[in-house]
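Lettering of chains follows the sequences in order, A, B, ..., and the numbering in each one begins at 1. No hydrogens, no waters, no symmetry mates; every other heavy atom, side chains included, goes into these values. These numbers were taken from a predicted model, which means no experiment stands behind them.
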Amino acid sequence: MFRYLLYRLLYGLMVLLGATVVVFFIFNVLPGDPVAMMAGQRTDVSTREAIAKELGLFEPLHKQLYLYMRDLSPVSVHEDSEQEFEKYDYKKMLKVGDNSYLVLKSPYMRRSFQSNKRVSEIIWENLEGTFWLAFVAMLFATFFGVLMGILASLKPNSPLDHFMVSLSVIGISAPSFVLGAIVAMVFGFYLSEYTGLNPTGQLWDVDLDGRKLVWKNIILPAFTLGLRPLAIIVQLTRSSMLDVLSQDYIRTARAKGLYYYQIILKHALKNAMNPVITAVSGWLASLMAGAFFVEKVFNWNGLGRVTIDAIYNLDFPIIMGVTIFVAFIFIVVNIFVDMLYALVDPRVRIK
Amino acid sequence: MVNPRIVSKLKDSKHIDPDFLLEVRNLTTVFQTEEAEVKAVDNISFNLRRGETLGIVGESGSGKSVSALSIMKLIQHPGRIENGNIFFNSPTKGVVDLRLLSEKEMLFERGNEISMIFQEPMTSLNPVFTCGDQVVETILIHRKVSSKEAKELALELFKKVELPRPEQIFNAYPHEISGGQKQRVMIAMAMCCNPSLLIADEPTTALDVTVQSRILDLMRQLRDENDMSIIFITHDLGVVAEIADKVAVMFHGKIVEQGSVWDIFSNPQHPYTKSLLACRPRLDIKMKVLPVVSDFMDVNDHGVISEKVNHKYGSVGEAILLNFTDDDEIEERNQFLLTQPPQLEVKNLKMYFPINKGIFGRSKEFVKAVDDVSFTVYPGETVGLVGESGCGKTTLGRAILRLIEPTDGQIIFEGKDITKLNKDELRKMRKDIQIIFQDPYSSLNPRMTIGEAILEPMRVNKIFDTDFHRKKYTIELLERVNLTKRHFERYPHEFSGGQRQRICIARALALNPKFIICDESVSALDVSVQAQVLNLLNELKKDFNFTYIFISHDLSVVKFMSDRIIVMNKGKIEEIGYAAEIYDNPKTEYTSRLIKSIPKGDLEDIRKAQLQRHLKKLIKSQQ
């Protein structure tokens, strides 16, 4: 088990490296003059050169890649100077040269062209909103998806089954920005008297007394965001359950004299969950990546909104940082899921 | 304690015989399909006394499994029990009609007073729970014990069913133990509440013969110890002879004949029973042609069976006598074969598979699937390859064709070393050596008409100039394997297993091969269909002068087909010899054990077994 985990971690690191390289090259061939964007109206040549040097734009491409990777790596070699320390905020570990140290630091994703804020700070500030939104959406989708999927599978081709399947087809095919707008209009505006919900809103309400958590604001965006995964989970659970219910060991369970609900909940469900876990985790990861449209429609502060704004402004460090961060989230979630498989299905453990 | 409400339904049983256990009366189970209602079980009746074993014999689709599931009331939509009574003498409730019991009352019976084991031990245990948990679960449903006591009971049962290292197996998941062990776990699960009736649906079919014989021993022993009755469902008459007291033969949902084992085997009445008895390949004598069902009877369009008027064989004995190959003929043929130069020589062939791959893909350990094997095959000869599952016989067959790359050794086919051929030469060589696989269901592409499937290899190997000629030859081939021109445009799902295997044979013939490897080609077929396919293979051999390597786990089939037999065990050759020689004087202990384990179903054995049963009963009643 431990070896398996180690192997998965190693593999994940390789994927992250690959993703970083790809992201780096993509953004290097895109048009846009970073110096002009950072310098703004000031066209002083020396300022421009200083900025270009700071960004390493005079260096050849492979050197730039190396510098970028070095900035990202949590373990790297740097010269010990006040300037460097201010940039990286590192902890010295080992002296490796005259004034060079092997240092431990949090990945440095450079600074926004626009606000000159650290990208890591921007991601961190907006992560909370996205995380809760994605988490609540998936919780909602998983719970109701599995439940509806089981109900549909118990009586295949019955009216209930057809109803569930048609509903999920609608859920899959409706685009989230259309759905988001409708949901916001209907429940947040026309029916707001009864529901007490706002069409847009934040997780934190800031007023004079400080910050206040407003959970009800998450309901509409999470519902909108969860509908598509819900629909897919319904279908996956249904087909996976139908497959499992026709297996020989279900017949064995019936021949033992088990109650029907015991067979479904104990013997069938645990076997049917594997594809559902894959779907849930994949969706969780991609929702974390930012539910761009939903965040925009509901004016929700999150990674998705930040990314869209950054794209408008060609603010490369943010786009690159978010992309790599999302790749990182995907990898972590996948490793977690692989471990979960091994827990649910003992057959995965060998290898 | 007798429940009057239910007994009253048992009209004619004023006095209940204490040994009475089960009576199935006029049971009919139907399945609703889109076109029509299909009677899977059609008005069958039988009865069973305490301690008795009834064997239900029939081919796939004859309704034997459905009858068993009907008794358990486990028939699922779209099937339903339409008619009949199932009277069961329950130890706690007295005589009840299972058909009238509510689902809740049935839950009490299932796994408790009536339990069941299934054919596929591989898939019948839930893969995500440990073996121990699954047995404990059953105990906890029906017995009022703590989970600690249940665990002790389960371990005791594991010892009783002779599982090695019971504690380890208790904590093992099903995929971690062997097929035979899984079936023992299933038996332990079925036995955990001391059932009065055990229904065993083909419990040994998926197992090797040696494992099968040990499982049968175990079942006999448990039956005698617990005074339990067994309904033993199987397609193999030989197995029935080993364990049953009574036999019911099923055909198309009906019981066509039932009686004591002795009567059925010594004096079968129904033509279907006769043909079933005659079409099994025998170990003691070599037959020229296997009798088939159609030699004995006809079935008309309405499913009515009639005995053939001008039948080829009057009885089973006649069928065997008329077909006997005498020793001189065999000797003459063997001598002739040896006068030719060998067609295939396998020298020191090794096939290792790596296990435990390290981080850098370097493997430290190997499974020696084929370990230093050498033999020769002469033109026109049939060499049988037998052994238990995992002995390396299939791997050997595939290595000869280089479908998998052998680790080491030489394979010389007509003077050329196959292992040294390059890609092009190898493709040309494959034309001469063809393989017919085990599973006719998965070895045909479901999206290709069978005509296309046969034509395709010809096109690839550029046999004939135009598709017109190829098509003509394909139709000839179809007719050769007893199919017709009409079948050319059909898809595989429209054919039965036997027909599909014949299509696979036709596909192999399309390239005019000299050498055919049959890899368990008849193992998935019913005995009567198996007989047809074996006969066809023999005819083709005569007509085209093929050389065969015939791989099978079934020694009686191999003996019928082969001139010489190679017995394999754990990747090595145990012995090579002439078929009769191997059977009469096995040289190694392994071979003799293999032969001894085969259920033969001959009358002498049945008489002995029945006598023994009788004596045991007498002794028990006197005690």
Side-chain angles (χ1 to χ4, degrees), chain A residues 1-11 13-14 153-158 161 240-277 340-351, chain B residues 65 68-69 71-78 103-130 133-135 137-142 171-176 182 185-186 189-190 192-193 195 198-199 201 355-359:
Chain A
M1 190 73 178
F2 178 71
R3 257 184 66 165
Y4 184 55
L5 178 67
L6 203 72
Y7 175 76
R8 299 296 314 171
L9 284 174
L10 209 76
Y11 188 72
L13 195 68
M14 305 281 273
S153 72
L154 292 185
K155 283 220 169 92
N157 295 322
S158 65
D161 180 32
S240 174
M241 277 297 275
L242 282 179
D243 180 48
V244 169
L245 285 175
S246 67
Q247 295 290 323
D248 288 349
Y249 51 80
I250 295 300
R251 192 180 53 187
T252 309
R254 297 199 322 133
K256 274 182 186 180
L258 280 171
Y259 281 99
Y260 192 51
Y261 73 87
Q262 288 173 313
I263 296 171
I264 300 296
L265 294 182
K266 187 173 169 194
H267 284 261
L269 199 56
K270 200 172 171 194
N271 277 291
M273 276 300 103
N274 247 350
V276 180
I277 291 172
L340 205 61
Y341 278 152
L343 230 76
V344 171
D345 190 337
R347 284 169 299 184
V348 181
R349 277 174 225 168
I350 34 167
K351 252 188 193 176
Chain B
S65 289
L69 291 172
I71 295 171
M72 293 285 273
K73 290 224 295 185
L74 286 177
I75 298 290
Q76 274 186 309
H77 184 79
E103 181 59 20
K104 202 168 169 214
E105 287 168 305
M106 272 317 286
L107 287 180
F108 172 81
E109 297 295 335
R110 284 184 205 136
N112 187 12
E113 294 180 344
I114 308 174
S115 62
M116 193 161 177
I117 50 182
F118 299 98
Q119 170 169 8
E120 279 292 339
M122 315 296 160
T123 55
S124 292
L125 287 169
N126 196 328
V128 302
F129 296 104
T130 61
D133 280 349
Q134 300 191 46
V135 177
E137 184 186 32
T138 320
I139 297 173
L140 288 177
I141 302 169
H142 296 294
N171 292 317
Y173 287 96
H175 68 271
E176 295 169 334
K182 272 179 232 179
V185 171
M186 281 296 289
M189 196 148 78
C192 67
C193 301
L198 174 69
I199 302 176
D201 187 358
I355 44 170
N356 277 337
K357 272 200 177 164
I359 286 219

Would you compute the distance between atom [atom1] of [X] and atom [atom2] of [Y] and round it to the nearest 0.5 angstrom?
X         : Y         : atom1 : atom2 : value
Lys104(B) : Tyr259(A) : NZ    : OH    : 4.5 Å
Lys256(A) : Asn112(B) : NZ    : CG    : 13.5 Å
Ile250(A) : Leu74(B)  : CD1   : CG    : 12.5 Å
Arg251(A) : Met72(B)  : CZ    : CE    : 10.5 Å

Structural part of [X] lying under 4.5 Å from a heavy atom of chain A:
X         : value
Lys73(B)  : neither
Thr123(B) : both
Met186(B) : side chain
Ile117(B) : neither

Under the criterion side-chain hydrogen bond (donor to acceptor under 3.5 Å, both in side chains), I'd like the reasoning laid out for His267(A) against Glu137(B): C-alpha separation, chi angles, the key distance, then a yes or no.
CA-CA 11 Å; His267(A) 284 261; Glu137(B) 184 186 32; 2.8 Å; yes
May I ask you to check if Lys266(A) and Phe129(B) form a cation-pi contact, with NZ or CZ under 6.0 angstrom from the six-membered ring centre and within 45° of the axis?
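So Lys266(A) does make the cation-pi contact.
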Who wins among Thr130(B), Leu69(B), Ile114(B), Ile141(B) for the most heavy-atom pairs under 4.5 Å with chain A?
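When all of Thr130(B), Leu69(B), Ile114(B), Ile141(B) are compared, Ile141(B) has the most.
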Please identify, among Cys193(B), Cys192(B), Pro127(B), Ser115(B), the residue contributing the most non-hydrogen atom pairs under 4.5 Å to chain A.
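With the most close heavy-atom pairs to chain A, the winner is Pro127(B).
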Which pair of heavy atoms, one from [X] and one from [Y], lies closest together, and at what distance?
X         : Y         : value
Ala255(A) : Met116(B) : CB-CB, 4.3 Å
Leu258(A) : Leu107(B) : O-CD2, 3.3 Å
Ser124(B) : Thr252(A) : O-OG1, 2.7 Å

Donor-acceptor pair, distance only, cut-off 3.5 Å: does the side chain of His142(B) make one with the backbone of Gly257(A)?
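Not a single qualifying donor-acceptor pair exists.
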